[in-house]
Each structure stands twice: as structure tokens, then as C-alpha cells.
Protein chains: 2
Amino acid sequence: MASRSYGQYCGVTTAVELIGERWALLIIRDLLVGPRRYTDLKQGLPKIPTNILSTRLKELQEGGVVRRVPLLHCGLVYELTPYGRELEPIVLALGRWGFQEMGDPQPEDVVTADSLTMALRTAFQTDAAATLPPADYELHVADVALRVQVDASGLRIAQLQPAGRPIDPRLGTQASTSGEPDLVFAAGPGIRRLISGELTPAAAIDQEVLAIVSGDGTLLERFARTFHIPIDPGVVLVA
Amino acid sequence: MASRSYGQYCGVTTAVELIGERWALLIIRDLLVGPRRYTDLKQGLPKIPTNILSTRLKELQEGGVVRRVPLLHCGLVYELTPYGRELEPIVLALGRWGFQEMGDPQPEDVVTADSLTMALRTAFQTDAAATLPPADYELHVADVALRVQVDASGLRIAQLQPAGRPIDPRLGTQASTSGEPDLVFAAGPGIRRLISGELTPAAAIDQEVLAIVSGDGTLLERFARTFHIPIDPGVVLVA
DNA sequence: CCGGATCCGAATCGATACTG
DNA sequence: CAGTATCGATTCGGATCCGG
């Protein structure tokens, strides 16, 4: 099954042979959020053909990136190996890099819980979080709902069921959430322009990119400072 | 020509749509060394079909990653845009990640000047270079020859012609090299095991992984400390 | 429902040949 | 030097099917 070789003895080449096939890095992105069942991955990657998903999972296992873990009486999950988890900073950096040229969504584009979770991680500003007071948000984008807790020690994101309860904690990085969030707000894909700094929180509300559901709206300012990906001006000139 | 979309509105997805096609990241790796002609790229990627190379270059231009620059009376070169150059830390990190699972070379595998140049950059330890005295190496691997200059201010690598002179300075990141190197040595692909720390310099010479051509052999120790990618023990256990 | 395997047409890739 | 053109080999995508 040795994938088509590039014929070079080089670290970059080896990396690309391990994770460069179509869909592979998106599978890894989702697994960076937490272990996932085959079906979870399929739902999180709505356009992936099932044969491709199973082929990639097999290849990633052979490459030592992914591991298959049976759950007692509960099916099985795929998870990253320690080697696979070393890709986290790379995937986050790629997400930041791609963010700058995302443009506006295609009509067919969806936002999934895992992709939004990772997007928030890519945008997370550790130093801002360390200097600002803690905050506890509930964020709704399209039909995904996230509980986002920020304090000086870092970032914690839990995925909520449409109903409002966190999903299966067995599978999760999701620790149990407690109490009520300080701010609940809903946004569309235009939230990207809040994170890029193109829009202030006030402007975002004005343009109906974002709406406050409940809680202290002034926290949006803190949110925007905690999650931020500056657009490099050099990039815009080039594009 | 909009490449097959993954159907998600996400930074990682956008990044993979821009640079995730087969061969794209290897083209970028080579362009990170310096601007290159079409023919240079073809030689540095011996197994790439020419139609794929031209297709990728077109796509990378549309994506704002690569730029086509005519040279006065001298043909033209491709170079990274500022946006493309932002990929440097990502490609270096991928190279380090892949390095750990490179294993031994396939019989067909080649080592190119650009891939070796980038490999040295991935392995470069800034802090070791800052504390160690400067050094000036000439390194031969297979039929590529590099002049590698290290001092506290950083790393400079020039590609030498088989004859021994640096190649066309017009195209180069290659500044003119001066004087004689402190150490000239030749190695095979096993140099990887020196860089990983599996082999000491003495053992590398012993096993004929590496041979000193001229100069002060004790500098090999300094070389090994300057260029180092530790193998994560966790990885080995998993693999 | 979970975790895939199979089949088949469409698109892409790879190898070679050829051209301004 | 800098690519196109062509064409068979592979892979991908979409749908269906299957065993537990």
C-alpha cells in the first residue's frame, strides 16, 4: 500500500507522504479536538466519501498517526497517537494561515462543531487571556453550539447538543461545564470579520453578523481581544 | 478551476485547498530556498510530471502564494509572495515532524540541493549557534554540495556547483562565500542519524556514514550540536 | 444505528511526446 | 527555456449494500 512516493529522502517529503493525501489533514483536525467514532468523523466531514474515510484511517494508522481504540461495549473510536498529536501546532498554524484568505463562504459551505472548535483554538490569544479577567461564553454559529471558557490558565471548549447539554463526556475533551455562561451570543459566518478585526463588536451587531441572546454584551469586546487573527496587510496588497 | 471544495468554512480547509494538492508543498519547499526557474523546479523535483508542475504553479499563483517574475533577458522565475513566505515556519515544522519517521532511504530516493538546504534549516538550533563559536562547513551529500556558515547571527547556506563555485548569484539567497571552510566533509543519507543523535560524530565516521575531506574534524561535534532534531521517545514506542 | 466494503463513472495524476 | 498535448493508470466521489 506504500503510497506513491515522491522519490526524495527528506523530512518534508516524508511528512507529506504521511498526511498529504486528500482529506487526511481534516481528519486530523477533527481528531485534535478529541477521539471520534467513524460516524462522528463522517458527520463532521459531510462531503467525504466513506471509502475514502476508511482508506485514510487505515493509512494514518500505518503511518503511526492515528490509533484505533475499542471501547468496552460501546463501539470504538479513533484517536491521535502521541506522534499525531505533535501535529497540533502545525494544524493551528495552517488554520491561521488559511484564515487570512477565507473570503466569504460558498452557499454549500457548512460550519461543523470540530472545525469551529479548532478555529477558536487557532485564534486564541494566550497573552490576552492572561491579562483579561476570565470569561464564560456560549457561542452559536449556524447549528453548532459551543461553551467557551477562558481564564488565565487557558482555553476550554465544550460542544453542546442543540438542546444545550454537553455531549457524551466519555468521548470528550469536554469537561463538565458548570453554572451559567456570562454571555450567550449567536453569529453567522461573518464572525470571521470580528476575529480579523475588520469589524468592531458594535459594528458586528449593527450589521447583524452577530446577535446577543443573553448576558453582558460588553463582554464581546473581551471576546474579540481573546480570539483574534490579524490580517497581514502585505497579504491584502498581494491578493 | 476552483479546486474540488471540501465544503467547509474553516481556515484549515482553506489552507488545504490552497496548498494541499499533490506536489504543491514540495514546490513551496524549494521556493523557500529562493526564486527558481521552471527548469530548476523540474530538476529539484525529478519525479514531477511537467503538466502537474505547470498546473500547480498556476494554482499557487491564483491562490496568491506564488508569483511569476520575468527576468530581463534571462527568462523568468517563480517566487513566493509575502503570503507564501509565511508558510516557512509551517514547512520547517512539517520537516521536523516528518524527519522522525524518515527511516532509511528507498533505493530510488534522491537528495536534492533544495531539500537538503531546507533540512538543515529545519534542524538548525538557534540557541546552540548563539552559544557556540562560529563555524564554516562545506558539506557534500550524494552529488550536492553546500557551503554552510553558522554564527551567532544565524545560518547561511549556499549551494555550490559540483565544481565548487556557488551557483548563479542572481537567483540566489546565496551570498558570495569567501575564504576557505573550516571543515569539508562528505556524508551519505546516514547523516540523518548524526542529526537525530543516534550516532556520535566518531561513530558516524566509524560506520562510514560520513568522511572528513579536509579541515578540523573536531568541528563535527559542533556541527552535530548546531543541527539536531531529537527523536521523541514516545514516537518510537508507538511506531 | 455503527463500521465499514463494493461498484462504477468522473476527475486527477503520471509518463511521454511534442512545440513556440 | 517553458511549457502543451495526449493518453493510459490511479484515485476520488457518490451511491448502494452488508454484517453485527
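Chain letters run A, B, ... following the sequence lines, proteins first and then strands; every chain starts at 1. All figures in this text were calculated on a predicted structure; none of them were measured in a lab.
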**Interatomic distance where NZ belongs to B:K58 and P belongs to C:dT12 [whole Å]** = 14 Å

**Asked** Hey, what's the ring geometry for B:Y78 with B:Y38, parallel, tilted or perpendicular (30° and 60° as the breaks)?
**Response** tilted

**Request:** Drop me the distance from A:I27's CD1 to A:L45's CG, to the nearest 0.5 angstrom.
**Result:** 6.0 Å

**Asked** C:dG4 phosphate, OP1 or OP2: any side-chain N/O from A:R68 under 4.0 angstrom?
**Response** yes

**Asked** B:L76 near the nucleic acid: base, sugar-phosphate alone, or nothing, with a heavy-atom cut-off under 4.0 Å?
**Response** sugar-phosphate

**Request:** Let me know the distance between OH of A:Y78 and P of C:dC2, rounded to the nearest Å.
**Result:** 13 Å

**Under 3.5 Å: donor-acceptor pair, side chain of B:T55, backbone of B:N51** = yes

**Prompt:** Can you tell me how far C1' of C:dC7 sits from CD1 of A:I52, to the nearest Å?
**Reply:** 14 Å

**Message:** Are the side chains of A:L139 and A:L120 in contact, using a 4.5 Å heavy-atom criterion?
**Reply:** yes

**Asked** To the nearest 0.5 Å, what is the distance between CG (B:L57) and CD1 (B:I52)?
**Response** 11.0 Å

**Message:** Among A:V91, A:L87, A:I90, exactly one meets side chain to side chain contact (heavy atoms under 4.5 Å, CB included) together with A:I19. Which residue is that?
**Reply:** A:L87

**Message:** I need the CG-P distance between A:L71 and C:dC2, as an integer number of Å.
**Reply:** 13 Å

**Fill in**
Sequence neighbours excluded, the answer for ring pair (Phe, Tyr, Trp, His ring centres under 6.0 Å) partners of B:F124 is B:F227

**Request:** Take B:M102 and B:S196, measure what side-chain contact (heavy atoms from CB on, under 4.5 Å) needs, and give me the verdict at the end.
**Result:** CA-CA 11 Å; B:M102 277 179 71; B:S196 71; over 6 Å; no

**Prompt:** B:E21 has an atom CD; how far is it from atom C1' of C:dC13, in whole Å?
**Reply:** 11 Å

**Fill in**
Min and max contacting nt of DNA chain D in 5' to 3' order, chain A heavy atoms within under 4.0 angstrom, are D:dT11 to D:dA15

**Message:** Any salt bridge linking A:E198 with A:R192? Criterion: basic side-chain nitrogen under 4.0 Å from a carboxylate oxygen.
**Reply:** yes

**Request:** Give a yes/no answer on whether the side chain of B:R22 brings an N or O atom under 4.0 Å of OP1 or OP2 in C:dG14.
**Result:** yes

**Message:** Just the rounded figure in Å: distance from C1' of C:dG4 to CD of A:E59.
**Reply:** 16 Å

Hey, what are the protein-to-nucleotides 15-20 of chain C N/O distances that come in under 3.5 Å?
from: C:dA15; atom 1: N6; to: B:N51; atom 2: ND2; distance (Å): 2.9

